[in-house]
Amino acid sequence: MGTAQLFVRCSLEPLPQNPVAASGSFAAMKSVPYRLQFIAYVLAMMADNIEHVISYWVVFQKFHSPTLGGFAVLSHWLPFLLFSVAVGGLADRFDPRRIIQCGMLLFIVASAGWGFFFITDTIEMWHAMLLLVIHGCAGVLWQTPNQLLLYDLVGPADLPSAVRLNAMARYLGILVGPAVGGVIMLTLGTSHGIIFNTLFYLPMLLWLFWAPVRDNSIAIRRFAVRGFADIMLTIRAIGTQPVLTAMTWLAGLTSFMIGNAYHAQMPGFAGDLGHGDLGHGDPGVSYSVLLAADAGGALLAGLALESWGRLKGTPRTAITLAMLWSVALLGFAAVRIYPVAIVLLFFAGFFELSFNTMAQALVQLNAPADIRGRVVGLYNMAGLGMRAFSGITVGVFGAAIGIHWSLGLSAAVLLALLLWLYRREQARPDRPARP
């Protein structure tokens, strides 16, 4: 039997049984290694977002270029599109902890690079582009292996809890990042502050030397990493699994049309809204508040889903939550009243975390063990890599027709596509869900 046939055959083997009933509120926190990972993840995400807040603000003030904001999205997510499946294959074959550490080192290089150019006041547009690309490469080496590490830390029973908590940690970093970044900028300035920011990556980098080693018995067959050929083989492997197919479609559509491209354009939205009905808004303050509203909604969603634990994870539920997310962003793009914009972003953050964590848990729990890294990598290629194109739909088009119009049209088209996906899923005969 050829490698390709063996690769696809593994997708036909029995999938894990539904473990959600065994997972209580904050179940993953029972694991000491997971708690350490959670703390390190929060600090790394905080550092990631401190870098975004400082670098986006300085670059926006210097170049005033929506196109550069679009490139920030493109360069940040294009590595996920090109390399997620390959990195997932590496994580299947080798120790994911070492791959994550390589990502942390690249994050440190990127933050130190920003600091150097800010201190010397020599930043040029191509410098900014290069550092954004380095940052994107660091992310792809971090995210997929980290998701596999969660499985190793808590196992399938508590994996939904771990996925939700890590997503909550991501938004906690987004929420805390602007505040900590503001304090750092006030005390150290943007130049020295972004260099100081590199210290927040160290806990993750160092903890991984002592993190638990995976159970090698879960991956009996280890396939060679074959680059782009892995993408087609993985697509074939999940073709017979409706849950994996639907969630990969969901991730790809939401990321292609919007993703998080509106974050890079938030200084522009802040400028438009900061002097609205409140009278005398400071765009810098408005910028931080808008980011915090989006993150705050996501943080509340994580706490609510973990505490309540009754929202059953199914493809239809995930798609419905994604539709509500697109409606909230459509309203945000259309509104010109600052308090209403804050509320809509809060709801957007709530729905985004809800559907993303539900989809990710469905994918991880239904992925065949032998190729879990590649399947998660394919999901990340769709869910993170396709965000590269949202830099065009929201950012580059925003330079031509305005960021409000570009985000609003993208949200409207996404809503129509999600309705199609929901009806497609609804037409499929009901079968036991494995959330």
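D48 contributes no side-chain N or O that, together with a main-chain N or O of A44, makes up a donor-acceptor pair within less than 3.5 Å. Here the side chain of T245 pairs a donor or acceptor atom with the backbone of I238 at under 3.5 angstrom. Proximity of a side-chain donor or acceptor of H404 to a complementary backbone N or O of A333 within less than 3.5 Å is detected. Although no hydrogens or angles enter the test, the distance criterion places no donor-acceptor pair under 3.5 Å between the side chain of R387 and the main chain of F256. Side chain of S255 to backbone of G383: a donor-acceptor contact under 3.5 angstrom is found. A side-chain donor-acceptor contact under 3.5 Å links S161 to the backbone of A28. A donor-acceptor pair under 3.5 Å links the side-chain atoms of Q101 to the main chain of L205, judged by distance alone.
At a cut-off of 3.5 Å, with distance as the only test, a side-chain donor of E51 or W114 sits close to an acceptor on the other residue. Remark: the Y262 side chain and the D294 side chain contain an N/O donor-acceptor pair separated by less than 3.5 Å. Looking only at atom types and distance, the side chain of T317 has a donor-acceptor partner in the side chain of T314 under 3.5 Å away. Side-chain contact of N166 with Q37: a donor-acceptor pair under 3.5 Å is present, judged by distance alone.
Shown here for A47 and F200, the closest heavy-atom pair between the two residues is CB-CB, 3.5 Å. A251 and Y379 make their closest contact through CB-CE1, 3.5 Å (heavy atoms, listed as atom of the first residue, atom of the second, distance). When all heavy atoms of A298 and L353 are compared, the pair lying nearest together is O-CD1, 3.4 Å.
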- Query: Hey, mind stepping through S84 and V140 against side chain to side chain contact (heavy atoms under 4.5 Å, CB included) and telling me if it holds?
  - Reply: CA-CA 6 Å; S84 283; V140 77; 3.8 Å; yes
*Test log, rule ring pair (Phe, Tyr, Trp, His ring centres under 6.0 Å), inputs Y201 and W142*: CA-CA 12 Å; Y201 293 114; W142 180 21; 7.6 Å; no
- request: Go through the steps to decide whether Y151 and R372 satisfy the test side chain to side chain donor-acceptor pair (under 3.5 Å), and finish with yes or no.
  value: CA-CA 10 Å; Y151 197 97; R372 180 173 289 112; 3.2 Å; yes
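Atoms CZ and CE, from F26 and M29 in turn, are 8.0 Å apart once rounded to the nearest 0.5 Å.
Screening Q426, M358, E425 for a side-chain contact (heavy atoms from CB on, under 4.5 Å) with I319, the sole residue that qualifies is E425.
Under the 4.0 Å criterion applied to side-chain N and carboxylate O atoms, D92 and R374 are assigned as salt-bridge partners.
Within 6.0 Å of CH2 in W420 there are more than 12 heavy atoms belonging to other residues, nucleotides or ligands.
F347 has its ring centre no less than 6.0 Å from the ring centre of F332.
For residues 319-328, the set of pairs meeting the side chain to side chain donor-acceptor pair (under 3.5 Å) definition, not counting sequence neighbours, is empty.
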